[in-house]
Asks: 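Take this structure, written in structure tokens, and hold onto it; I'll ask about it next.
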Amino acid sequence: MEEKLRTLLRKALAELGGEGAEEEAGFTVPPNPEHGDLTTNAALVLAKKLDADPRKLAQNVAEELRKAPGAAAVDVAGPGFVNIRLADALLFDSLREALARGNDYGRGDEGRGARVQVEFVSANPTGPLNAVNARAAAYGDALARLLEFTGHDVAREFYVCNVGTQMDLLGQSVRARLAELRGEKAEIPDGGYRGEYVIDLARRLHEEGKISDGEDVAKLAAAAAAEIVARQRADLADFGVNFDLWFCEDSLYPADVETAKRVAAERGAVYEKDGALWLKTTAAGDDEDRVIVRADGRPTYFMADIAYHLNKYERGFAKAIDVLGPDHHGHVKKLYAMAELLGLPAGWLEIIISQQVNLLEGGEKVKMSKRAGNLVTMREVMDNIGVDAARFFFLMRTPAAHLDFDLELARTQTPENPVYYAQYCHARVESVKQEAGAETAEASPEAADLAALNLAEERLMARAVWEFPKVVASAAARREPHRLTAYATNLAALFHNYYQHHRILQAPSEAELRARLVLTRAVGQTMKNALRLLGVSAPSHM
RNA sequence: GCGCCCGUAGCUCAGUCGGAUAGAGCAGCGGCCUUCUAAGCCGCGGGUCGCGGGUUCGAAUCCUGCCGGGCGCGCCA
């Protein structure tokens, strides 16, 4: 149907003399149903190019589009929009499709099996995950789910930075706590980790015989990091997020780092200055060149990053998406520059910053500090408001925006979380199905006469179900899962309204009853799919 | 100082890459449960889209200058 419309539009524009106008002008689903089911601003775009009257052009476009089968009405509106109202039957077909495809309804093949890697969270193995990590986890996982659902072959990866200064500090912190456990006086070093968890960690590692008092800092750090990573993995699993690979930075040494250094050198992207080796990132838009190997021969963190991305590329991913935390947005330029300098395909690397979370407690800002050890953990967030509510809450926002998270509000107003509104819709559908009995509920959608759906509310729901695949495709393409939370809320509103005003099972006729059941089940299925993409459960009872 | 992000209803946030009368949740006020789950529904009030210019048929959206908030700017990771 849409293909047909597109063809007609192209034809109309060509006849009107608008070369290439169809590139800018497509069909969108207008938010206001009064503006039809599909709309195009083609005439407005064309009017600009030709310096002509948009309403007049719109009339011509409309005339052409009226030839499309399935276009029940085509009108010119506003300054020159062409609004198309689709035949009801077309929308109702999507109800059958939703039931026929079930959990696959909305699935697309835009990715055509392309292998995509999504790297997210990637917290340092020096402590428990915090609220910012939780947001990144919810976002990265939902994005991965969206990409999978649109035909990509997705790998979720967590980069464990288990090399460098912070490992040393972790080791020293553990050693100090071990000394304290023996009753000795010990100092946590400057910049060390003072959180309670280090004490527990030291005690447990000691009791389990994994470390002994005399071991060196590096070994203490490694043992501690292993424990911390295991804990992070368990927390994430409880949050519904599972990674395909936990990639440890130390595994890049020495082979991958040497390879990266060689590749950079071969491409003439490095030079020596002050005894150090520099990458010419300014040649690719960065503000200054970056050191990759220090004068004493030790590679920098950035060097490891280069090796890591080259490693990703060599593993055959068609695209790598890095979801980075707010403290990394200073790295974006040099990472893009690095990708260009190493000759990685344009667009291969995509960086998304998952912004910070301002924690509030009853309106008061909570200062988080790893040193003080008073950070709000992901575990606390989960325990306070639950996994579904937390994930939905984080996914309601665009990743780029900072967001305020009031713990007290979250605790006291948990039932107000919009996630329950959407879940309740699904539960009500299940309730209706159950009440209708297996026989009626399983009545074949093919046999039902959906033309019996003659209420405006019913058409609106069918329209929403019909729109779902488009929403999925757009959310995936734009890397914006929050479009789905908005969609779910909207679909729930339509259903709740319908449910309240019309007794679904007390339909005036048998035909209407069957049609309503098909509609209701299709709404339930669509809601379930939307929630699943967000990583939120779809309960049958609430 | 430089860079990135953000200023939209009392609060938290959307706003489909420049479109139609700027939306939702929460909070406030007033209604609705002998009937498929009231975690719901209906109604009301609430906005100079931070401020000023500019671009054009048309700007919350693009450009520019301010104001305000956050973060980042090591041969740390």
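Residue numbering restarts at 1 for every chain, and letters A, B, ... go by the order of the sequence lines. All values derive from a computational prediction rather than experimental measurement.
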Asks: Looking for any heavy atom pair under 4.0 Å, which part of the strands does A/Thr520 touch: base, sugar-phosphate only, or nothing?
Replies: nothing
Asks: Give one of base, sugar-phosphate or nothing for A/His331, where a contact means two heavy atoms less than 4.0 Å apart.
Replies: base
Asks: Have a look at A/Asp274 and say if it touches a base, only the backbone sugar-phosphate, or nothing, with a 4.0 Å heavy-atom cut-off.
Replies: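 The residue A/Asp274 makes base contact.
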Asks: Rounded to whole Å, how long is the line connecting atom CD of A/Gln500 with atom P of B/rG40?
Replies: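 Result: 10 Å.
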Asks: Distance check, P atoms only: B/rG23 and B/rC29, in whole angstrom units.
Replies: 25 Å
Asks: So, does the side chain of A/His328 form a donor-acceptor pair with the base of B/rA77 at under 3.5 Å?
Replies: no
Asks: At 4.0 Å (heavy atoms only), tell me whether A/Arg290 reaches a base, stays on the sugar-phosphate, or touches nothing.
Replies: nothing
Asks: How long is the line joining CG of A/Asn358 and C1' of B/rC11, in whole Å?
Replies: 15 Å
Asks: What's A/Val332 touching, base or sugar-phosphate or nothing? Going by heavy atoms closer than 4.0 Å.
Replies: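 The residue A/Val332 makes no contact with any strand.
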Asks: So which nucleotide does B/rG7 pair with, by the Watson-Crick or G-U wobble rule with both distances under 3.5 Å?
Replies: B/rC67
Asks: Say we look at B/rC44 and B/rU61: how far apart would their C1' atoms be, to the nearest angstrom?
Replies: 31 Å
Asks: Across the strands shown, which category fits A/Asn83 at heavy-atom distances under 4.0 angstrom: base, sugar-phosphate, nothing?
Replies: base
Asks: Using the side-chain heavy atoms of A/Tyr421, tell me which of these nucleotides is nearest: B/rG40, B/rA77, B/rU35.
Replies: B/rG40
Asks: Before we go on, tell me: are the rings of A/His331 and A/Phe302 under 6.0 Å apart, centre to centre?
Replies: no
Asks: Within the 4.0 Å limit for protein heavy atoms, which parts of nucleotides 1-7 of chain B are touched? Write it as a string from 5' to 3', B for base, S for sugar-phosphate only, - for none.
Replies: --BBB--
Asks: Considering only the C1' atoms, how many Å lie between B/rA14 and B/rU8, rounded to the nearest integer?
Replies: 10 Å
Asks: Decide yes or no, distance alone: a donor-acceptor N/O pair under 3.5 angstrom between the base of B/rA77 and the side-chain of A/Asp305.
Replies: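 A donor-acceptor contact between them is absent.
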Asks: Partner of B/rG72 by Watson-Crick or G-U wobble geometry, both contacts under 3.5 Å, or none?
Replies: B/rC2
Asks: Check whether A/Phe393 forms a cation-pi arrangement with A/Arg397 (NZ or CZ under 6.0 Å from the six-membered ring centre, at most 45° off the ring normal).
Replies: yes
Asks: Please state the P separation for the pair B/rG52 and B/rG70 - nearest whole angstrom.
Replies: 24 Å
Asks: OP1 or OP2 of B/rA38 versus the side-chain N and O atoms of A/Arg428: is any pair under 4.0 Å?
Replies: yes
Asks: Considering every strand shown, what is the Watson-Crick or G-U wobble mate of B/rA27 when both distances are under 3.5 Å?
Replies: none
Asks: Can you tell me, in whole Å, how much space there is between the C1' of B/rU48 and that of B/rC36?
Replies: 48 Å
Asks: Determine the interatomic distance between C1' on B/rA39 and the same-named atom on B/rC33; round to the nearest Å.
Replies: 14 Å
Asks: Base, sugar-phosphate, or nothing: which does A/Phe302 touch, judged by heavy atoms less than 4.0 Å apart?
Replies: nothing
Asks: Measure the distance from CE on A/Met461 to P on B/rC41 and round it to the nearest whole Å.
Replies: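 Nearest whole value for this atom pair: 13 Å.
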Asks: I'd like to know if A/Asp296 pairs up with A/Arg298 as an ion pair, taking the criterion as any Lys NZ or Arg NE/NH1/NH2 lying under 4.0 Å from an Asp or Glu carboxylate oxygen.
Replies: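 Looking at A/Arg298 together with A/Asp296, the answer is yes, because their closest N to O distance falls below 4.0 Å.
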Asks: When all nucleic acid strands are considered with a 4.0 Å heavy-atom cut-off, which category describes A/His482: base, sugar-phosphate, or nothing?
Replies: sugar-phosphate
Asks: Using purine N1 to pyrimidine N3 plus N6-O4 or O6-N4 for Watson-Crick, or N1-O2 and O6-N3 for G-U wobble, both under 3.5 Å, which nucleotide pairs with B/rG46?
Replies: none
Asks: To the nearest Å, give me how far apart CZ (A/Phe81) and P (B/rG18) are.
Replies: 13 Å
Asks: Can you tell me how far P in B/rG3 sits from the matching atom in B/rC66, rounded to whole Å?
Replies: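 That atom pair is separated by 12 Å.
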Asks: I'd like to know if A/Lys312 and A/Glu119 make a salt bridge, using a cut-off of under 4.0 Å between side-chain N and carboxylate O.
Replies: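 A salt bridge links A/Lys312 with A/Glu119.
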Asks: Output yes when A/Lys334 and A/Glu288 qualify as a salt bridge under the 4.0 Å nitrogen-oxygen rule, no when they do not.
Replies: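 No salt bridge links A/Lys334 with A/Glu288.
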Asks: Do A/His496 and A/Arg428 meet the criterion of a side-chain donor-acceptor pair at a distance under 3.5 Å?
Replies: yes
Asks: Classify the nucleic acid contact of A/Leu403 as base, sugar-phosphate or nothing, counting any heavy atom under 4.0 Å across all strands shown.
Replies: sugar-phosphate
Asks: In whole Å, I'd like the distance from the CE atom of A/Met303 to the P atom of B/rC76.
Replies: 15 Å
Asks: Students often get this wrong, so: under 4.0 angstrom with heavy atoms, is A/His35 touching a base, only sugar-phosphate, or nothing?
Replies: base
Asks: P atom, B/rC5 versus B/rG30: distance in rounded Å?
Replies: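 So the two P atoms sit 45 Å from each other.
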Asks: Please give, in whole Å, the distance from B/rA59 P to A/Leu44 CG?
Replies: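 Interatomic distance, CG of A/Leu44 to P of B/rA59: 13 Å.
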Asks: Just compare B/rU21, B/rC36, B/rC13 and give me whichever is closest to any side-chain atom of A/Glu34.
Replies: B/rU21
Asks: Does any non-hydrogen side-chain atom of A/Leu531 lie less than 4.5 Å from one of A/Ser537?
Replies: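 No. Closest side-chain heavy atoms not under 4.5 Å.
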Asks: Of the options B/rG15, B/rC36, B/rC75, whose atoms approach the side-chain atoms of A/Trp278 most closely?
Replies: B/rC75
Asks: Please confirm whether the shortest side-chain N or O distance from A/Arg294 to OP1 or OP2 of B/rA77 is below 4.0 Å.
Replies: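 Yes, A/Arg294 has a side-chain N/O under 4.0 Å of OP1/OP2 on B/rA77.
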Asks: Tell me which donor-acceptor pairs under 3.5 Å the side chains of residues 464-477 of chain A have, and how far apart each pair is, sequence neighbours excluded?
Replies:
| from | atom 1 | to | atom 2 | distance (Å) |
| --- | --- | --- | --- | --- |
| A/Lys470 | NZ | A/Glu2 | OE1 | 3.4 |
| A/Lys470 | NZ | A/Glu2 | OE2 | 2.0 |

Asks: Would B/rC57 be called syn or anti here, given the cut-off of 90° from 0?
Replies: anti
Asks: Compute the centroid of each ring, for A/Tyr308 and then for A/Phe247, and state whether the two points are separated by less than 6.0 Å.
Replies: yes
Asks: Measure centre to centre between the rings of A/Phe120 and A/Phe158, then say whether the value is under 6.0 Å.
Replies: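 A/Phe120 vs A/Phe158: aromatic centres not under 6.0 Å.
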Asks: Could you state the OH-P distance from A/Tyr193 to B/rA77, rounded to the nearest angstrom?
Replies: 12 Å
Asks: Could you tell me whether the phosphate oxygens of B/rG40, OP1 or OP2, come under 4.0 Å of any side-chain nitrogen or oxygen in A/Asn497?
Replies: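 No, because none of the side-chain N or O atoms of A/Asn497 sits under 4.0 Å from OP1 or OP2 of B/rG40.
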Asks: Would you say the side-chain atoms of A/Gln500 pair up with the backbone N or O of A/Asn497, donor to acceptor, closer than 3.5 Å?
Replies: no
Asks: What contact category does A/Pro79 fall into here, base, sugar-phosphate, or nothing, at under 4.0 angstrom with non-hydrogen atoms?
Replies: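 It contacts base atoms.
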Asks: Could you state the CG-C1' distance from A/Leu169 to B/rC76, rounded to the nearest angstrom?
Replies: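 In whole Å, B/rC76 C1' and A/Leu169 CG are 9 Å from each other.
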Asks: Which part of the nucleic acid, if any, lies within reach of A/Gln423 when heavy atoms closer than 4.0 Å are counted: base, sugar-phosphate only, or nothing?
Replies: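 If one applies the 4.0 Å heavy-atom cut-off, A/Gln423 turns out to touch nothing in the nucleic acid.
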Asks: Does A/Thr398 place a side-chain N or O at less than 4.0 Å from the phosphate oxygens OP1/OP2 of B/rA14?
Replies: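 Result: yes.
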Asks: Taking any heavy-atom pair under 4.0 Å as a contact, classify A/His426: base, sugar-phosphate, or nothing.
Replies: nothing
Asks: Could you check which nucleotide pairs with B/rU34 in any of the strands shown, counting Watson-Crick or G-U wobble with both distances under 3.5 Å?
Replies: none
